[in-house]
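Here's the structure we're looking at; comments come further down.
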Amino acid sequence: MSDPEAQLQVTYAEAIRCALQDAMDADPAIVLLGQDIAAGFPFGATRELAARYGAERVRDTPISEAASMGCAVGAAMTGTRTVVEVDFAGFLLLGLDQLVNNAAKLRYMSGGQLRVPLLVRVGQGPLGAFAAQHSQSQHAWLASVPGLALCAPSDPQDAYELLRWGLRRQDPVVFAEDMRLYRARGELVREPADSAAEIPRARVVRPGRDASAVCFGFGRTLALAAAQALAGEGVELEVLDLRLLAPLDGEAIARSARHTGRVLCLGDDPLLGGITATLAATVHEQAPGARVGRLGARHWPTPFGSAEAYVYPSAESVASAVRRLLGAPGEGAGEEIVNGEFRMAAS
Amino acid sequence: MSDPEAQLQVTYAEAIRCALQDAMDADPAIVLLGQDIAAGFPFGATRELAARYGAERVRDTPISEAASMGCAVGAAMTGTRTVVEVDFAGFLLLGLDQLVNNAAKLRYMSGGQLRVPLLVRVGQGPLGAFAAQHSQSQHAWLASVPGLALCAPSDPQDAYELLRWGLRRQDPVVFAEDMRLYRARGELVREPADSAAEIPRARVVRPGRDASAVCFGFGRTLALAAAQALAGEGVELEVLDLRLLAPLDGEAIARSARHTGRVLCLGDDPLLGGITATLAATVHEQAPGARVGRLGARHWPTPFGSAEAYVYPSAESVASAVRRLLGAPGEGAGEEIVNGEFRMAAS
Amino acid sequence: MNAAPIGGAPTPAELYARMALIRDFERAAYRAYERNELQGTIHASIGQEGVAVGVVAALRAADKLLSHHRGHGHALAKGVDPSRLMAELFGRVDGVCGGKGGSMHITDVGCGFLGSLAVVGSSIPLALGVALSAQRAGEETVCAVFFGDGGVGQGVLYESMNLAAIWRLPVLFVCENNAYAITTPAAHTTAGPGIEERARAFGLAALRVDGQDVEQVAGATRTLAAQARAGQPGLLECLTYRFLGHSRSDPPHGRYRSREEVERWQGRDPLAVLAAQAELSAEACAQLEAAAQARVQEAVEFARASPRPDLHVLAQDVWG
Amino acid sequence: MNAAPIGGAPTPAELYARMALIRDFERAAYRAYERNELQGTIHASIGQEGVAVGVVAALRAADKLLSHHRGHGHALAKGVDPSRLMAELFGRVDGVCGGKGGSMHITDVGCGFLGSLAVVGSSIPLALGVALSAQRAGEETVCAVFFGDGGVGQGVLYESMNLAAIWRLPVLFVCENNAYAITTPAAHTTAGPGIEERARAFGLAALRVDGQDVEQVAGATRTLAAQARAGQPGLLECLTYRFLGHSRSDPPHGRYRSREEVERWQGRDPLAVLAAQAELSAEACAQLEAAAQARVQEAVEFARASPRPDLHVLAQDVWG
Ligand SMILES: Cc1ncc(C[n+]2csc(CCOP(=O)(O)OP(=O)(O)O)c2C)c(N)n1
Ligand SMILES: Cc1ncc(C[n+]2csc(CCOP(=O)(O)OP(=O)(O)O)c2C)c(N)n1
Ligand SMILES: [Mg+2]
Ligand SMILES: [Mg+2]
């Protein structure tokens, strides 16, 4: 694509905007719904799109999450490919009946007559001192809903590619944007609109031989930082970026697990009921004998202020967790993990 | 308690009614909210309570799940212990913002000033040909919410005891009623109102040496039926009834796993993101070396009619899963599992 | 209240025939239920046929419909094939949804019946999107969505009225007020001057009609549908009554309604009301009823003969 | 519109002092924010002080309050200690919530400020339950809940109005209509004759007042609170304006409001309006403002001096 912006340093939020723009140029059936999206508030992911496509395609809604989501479902099932923006995970709950009971099930219940090409962009994780109602991750919740695909992009290029994929899919996609990444910068190559439609696979974003970090979203940033620190200690951490959580690329997880024999499953929801449990079970089932650890959120509502750092994993806690996985089986608790909660299966 | 009903055969629904009645007799601050609860529609769990306590304490609501749940939260935080009835899991989504963003978080966010003694009774699982919107299980979802306790009673006595416990707790409880059990009968001993308030522990409801079934709700019925069938083959299956999923009794799981070395984790939500993943991870983390299997729901919306039997585990599929766990590690796929989805970690 | 005759539209005999078809279809489904040929639950619309038939009679074939748990009548009125509808209730592979949806989840895209859904209020906002697609495509179609007096309790209804009004969407909200939500009288759960007045407060055009009078329903629908096509969405409240219990688990008359009340309403049977109004002879009516019964009998046999979906069919429509 | 004098209630000087306290508190918080002493975000209520102070002035000490994301003013008006409120904004352990709630989640049970919550509309139904507890206890207290014109988009508001009306709950719904939800004009998202009319359609008593006139707000509140105590819940719509941007991430005047519009409203500053109406001298006003500034300065120092909650405190209030 001979677009001037064809290759440049952009933020995650800008990459999302680029993907929306390229998709909207390619597909006039795409309509965006959300609050203050014409102004691009608060993260800029829709900035300038209203000027470019008009109020007919970039539609500011009232603060009516349920009706907006339901409207998007009805539009999607009648030929209007709809993108709904929900700024924070907590607000998604207001549209969840529409998403789970309708969008995810209509194709199945109608015996395939209805398809619902709806894509829901929703912020996940903490943003930095927004406290409990604005800080939560719902990855396991959403992945467990039959009928939904769940994307969890980890950098600008990944966000662009997954969003373009999601906007070619005929069934509903939840696009989980990690709020800690909105300002993260990276190269962006804008792909032609006619790219393949196969389900994107997980990617090894850093090869390693000693242990694997299975991650997604902001977890990739943490894992790469930890890998760098560990490299200084002679430890080669492989970083597997899942990209999608539903469907889950179990083969890629098993491949990396067999290669390193030590796997850290990294997530942002609590260990009880959270996505790290599914990742760990997948390793145990598909790569028997690997030693597996889970690092996720503390089982707390997110406190206000810098205290939120206790709840979610950090690069330090990822590195510590990997060291624990590398320790001799019998070995004591090892170094304490302050950011997030860690458990290990000392097989 | 010298109540004439002190010990008799009752259904699960009647046991719930007995617990509500004994709790309401003991605690005048308890109020019930729900649709058609005065008439006891549809499962009879509140039948006769309106006649006994009046419309002030047994309050029929409009079909307004969000406002009803919010009303219950506000009442609970100001001294009215509130019980909300939500007949089917699918409807809970309409009240989820209130349950997750408010009820579960208010104590924490207020620094302990507010307590929310709210108990939400919600039907889970399939009921028999009610199709996708009325048939789903949300155990992992609900267990993963910090601030909520999650009960999943398995028979009339258990329902009675857990409900009495939940109605003494100062924080929110989700009481997950397995709809397949409403008509199940069992003995009921009504305990005195002043019973202990400690968190109920898991129970070994059938001892065994060869394998363990870690289960809850209707899963206990399936596991006991499978245990009986397996006993005929000389296999002694231990059945551990978890009773609560949040908090989770990891010690009891580890104890049974160490004892038998073979563990089937049984649930009703999909293997991707579902509760069986957390149960399996718990076994791997706390009882290294055990062989672990997961039997949960197929990753489908629930089809209408008898076809729903393909989605959820049955006594047969539990027995088959246990046989697979007992097979030699190398051994091939073994017998096919039709009801539900099964995966095994052949450690 | 507008009771204009529906010139150009179906004749009284045709309206009677459609109501008779719904009546007999519901009866047959109930009987199949009692014979355990049907699983789960069903919600019959006997007594409310005038609403379904009246609304659809005033709409165009290209217009779209959405409905709720009590949707068989709406589907039949819109033209869903009775045999394939019955097969769906039976959970058979020749059902409109391949037997995967069942009584509470009926869809037949081919005839513009986009779906009946089981979560009260949940189908309402879908109408906005259906209307938005039509508006964008420059089509002149209206999307009508049926819900009950119980649906009036759901906040999403008001969010949806508001959105329809600000976006000038061609939506017709049809409140089928049969006075009860299961056992709960609407009067006990609905504050203020009424549903019609609520709709006006959200910028909709609104009318209240006698739902037992199919021609009155059709007339009011025509008025509101014309406004909706012009960008002024509306709400039609139809006062009606269900002659049977809420569902199989509710005794035919229920404990919450007096025999007098039920009998008073049965005296306002929409078929009888039309026959009297349009002076249809007893013979004519009997013939139309016999034709309906024959069609329904054929539907039941079709359903019985159809197999249940197999594992292969059931595994479809999830991924890929 | 009811502008009865508020005899027996706070004097104009007292009202002025309270508004001045809120004004300076918000300014100080903003400054602390710009110095990076505050984390996350804050929503200042500068320009809207008349609503918070007017409503609370007409309520009783035992009455309860609930609020939303823009709640500092409501908390201060209800009597929350400025030092402990500022410490909460600073995320310190001496904050009203131990530093765990922050600006958008303020609770001070001791003075009847039951909580400001961050999910738009979400605090509204809590008022029903608070009122239900009071009703059951035979107390005569009212629960007032503040929300914005944006909150009017949430269906739960209408569900809540309806429930309050059918259960005759002592609730006062206070819509603080500052004409914008972030960048979105209320006029673009609200269909029909208006919020006051919507409330009536749900069986509430309703009044609309000039929110820049604290005495008018107090008078209307007294009228509606009295009815609420008698079992007739009501809604008060206050027309007001925020003088600053929506939050830290929104420039002081925003791009979506014209300078003229902002300046026109700044000309209706609630402090100036009261001073003129009540003929408060410039000296008197200056003194009251100086006192407020001193109190706020003390609050900032208190907040700065307080430590952050440690791991032990943070782990509390989850289980047990
Ligand atoms: C959100 C939700 N809550 C509760 C139910 C259970 N339920 C099924 S039908 C019904 C009553 C509906 O009454 P109404 O809307 O008046 O329709 P009618 O049955 O009278 O035709 C209820 C409460 C549901 N299906 N969805
Ligand atoms: C359910 C929900 N959706 C969106 C948001 C994001 N948000 C925060 S404040 C706000 C605007 C609220 O406007 P209004 O109710 O008028 O209050 P104001 O900010 O004008 O005081 C929005 C959309 C939210 N907090 N909750
Ligand atoms: Mg009804
Ligand atoms: Mg506003």
Side-chain angles (χ1 to χ4, degrees), chain A residues 28-31 33 55-57 59-82 84 94-116 118 145-149 169-171 197-199 246-247, chain C residues 64 66 88 93 95-102 104-110 113-119 121-137 139 141 143 145 154-164 166-167 169 171 309 313-314 316-320:
Chain A
I30 296 177
V31 164
L33 297 183
E56 282 304 306
R57 294 183 68 188
R59 308 180 76 99
D60 277 344
T61 66
I63 306 174
S64 305
E65 279 79 5
S68 301
M69 190 71 74
C71 175
V73 174
M77 70 193 211
T78 50
T80 304
R81 183 179 285 279
T82 319
V84 174
L94 293 157
L96 213 55
D97 163 52
Q98 290 299 325
L99 181 65
V100 171
N101 286 327
N102 293 344
K105 294 173 182 171
L106 281 169
R107 177 185 173 190
Y108 194 84
M109 296 192 301
S110 68
Q113 292 177 82
L114 297 172
R115 300 298 289 266
V116 183
L118 161 71
V145 178
L148 296 183
R169 194 167 189 264
Q170 291 308 311
D171 299 310
E198 297 94 48
I199 292 172
Chain C
K64 305 292 185 284
L66 286 162
E88 189 61 35
V93 72
V96 275
C97 302
K100 291 156 86 169
M104 292 192 281
H105 315 95
I106 301 296
T107 297
D108 186 348
V109 171
F113 189 75
L114 297 186
S116 54
L117 298 175
V119 178
S122 197
S123 42
I124 295 170
L126 268 55
L128 304 169
V130 174
L132 180 62
S133 289
Q135 188 187 60
R136 282 174 44 79
E139 292 165 9
T141 57
C143 182
V145 55
Q154 291 292 23
V156 74
L157 169 61
Y158 307 98
E159 294 184 4
S160 299
M161 288 181 180
N162 183 62
L163 214 47
I166 60 175
W167 288 351
L169 297 171
V171 175
V313 170
L314 292 166
Q316 285 170 356
D317 305 315
V318 179
W319 293 119

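- The two atoms that bring C:Val156 and A:Ala66 nearest to each other are CG2-CB, 3.8 Å, heavy atoms only.
- The backbone N or O of A:Val116 lies less than 3.5 Å from no partner atom in the side chain of A:Arg107, so there is not a single donor-acceptor pair.
- Most heavy-atom pairs under 4.5 Å with chain C: of the set A:Leu94, A:Thr80, A:Ile63, this distinction falls to A:Thr80.
- Only the backbone of A:Leu148 comes within less than 4.5 Å of a heavy atom of chain C; no side-chain atom from C-beta onward does.
- Options A:Asn101, A:Ile199, A:Leu114 differ in how many heavy-atom pairs under 4.5 Å they form with chain C, and the most are formed by A:Leu114.
- Within the 4.5 angstrom heavy-atom criterion, only side-chain atoms of A:Gln98, from C-beta onward, approach chain C.
- For C:Gln135 (side chain) and C:Trp167 (main-chain N/O), a donor-acceptor pair under 3.5 Å exists by modelled atom type.
- For the side-chain contact (heavy atoms from CB on, under 4.5 Å) test, residues two or more places apart in sequence or in another chain that qualify with C:Ala118 are B:Gln133, B:His134, C:Met104, C:His105.
- When the candidates A:Met69, A:Met77, A:Arg59 are compared by the number of heavy-atom contacts under 4.5 Å with chain C, A:Arg59 comes out ahead.
- Side chain of C:Lys100 to main chain of C:Gln316: a donor-acceptor pair is present (N/O by atom type, distance under 3.5 Å, no hydrogens or angles).
- Side-chain atoms of A:Ser64 do not come within 3.5 Å of backbone N or O of A:Ala67 as any donor-acceptor pair.
- Interface remark: of the candidates A:Gly111, A:Cys71, A:Ala29, A:Cys71 forms the most heavy-atom pairs closer than 4.5 Å to chain C.
- The parts of C:Leu114 that come within reach of chain A are both its backbone and its side chain, each placing non-hydrogen atoms under 4.5 angstrom from that chain.
- When each of A:Gly112, A:Gly79, A:Ala76, A:Ser68 is checked for heavy-atom pairs under 4.5 Å with chain C, A:Gly112 comes out on top.
- Side-chain atoms of C:Leu169 and C:Leu163, non-hydrogen and from C-beta on, never get closer than 4.5 Å to each other.
- Proximity to chain A (any heavy atom under 4.5 Å) is restricted, for C:Val119, to the side chain, taken from C-beta onward.
- Interface remark: of the candidates C:Leu314, C:Ile124, C:Leu157, C:Ile166, C:Leu314 forms the most heavy-atom pairs closer than 4.5 Å to chain A.
- Top candidate by heavy-atom pairs under 4.5 Å with chain A, chosen from C:Gly320, C:Ala164, C:Gly121, is C:Gly320.
- With a 4.5 Å cut-off on non-hydrogen atoms, C:Asp108 touches chain A through its backbone and its side chain both.
- Neither the backbone nor the side chain of A:Ala72 comes within less than 4.5 Å of any heavy atom of chain C.
- A search for side-chain hydrogen bond (donor to acceptor under 3.5 Å, both in side chains) contacts involving A:Thr78 returns C:Ser133, not counting sequence neighbours.
- Contact of the C:Val145 side chain with the C:Leu126 side chain is not registered, since no non-hydrogen atoms from C-beta on lie closer than 4.5 Å.
- Per-residue counts of heavy-atom pairs under 4.5 Å with chain C were compared for A:Gln113, A:Glu65, A:Glu56; the largest is that of A:Gln113.
- Contact of A:Leu106 with chain C is made through the side chain alone, with heavy-atom distances under 4.5 Å.
- Residues C:Gly95 and C:Glu88 approach most closely at C-OE1, 3.2 Å, considering heavy atoms.
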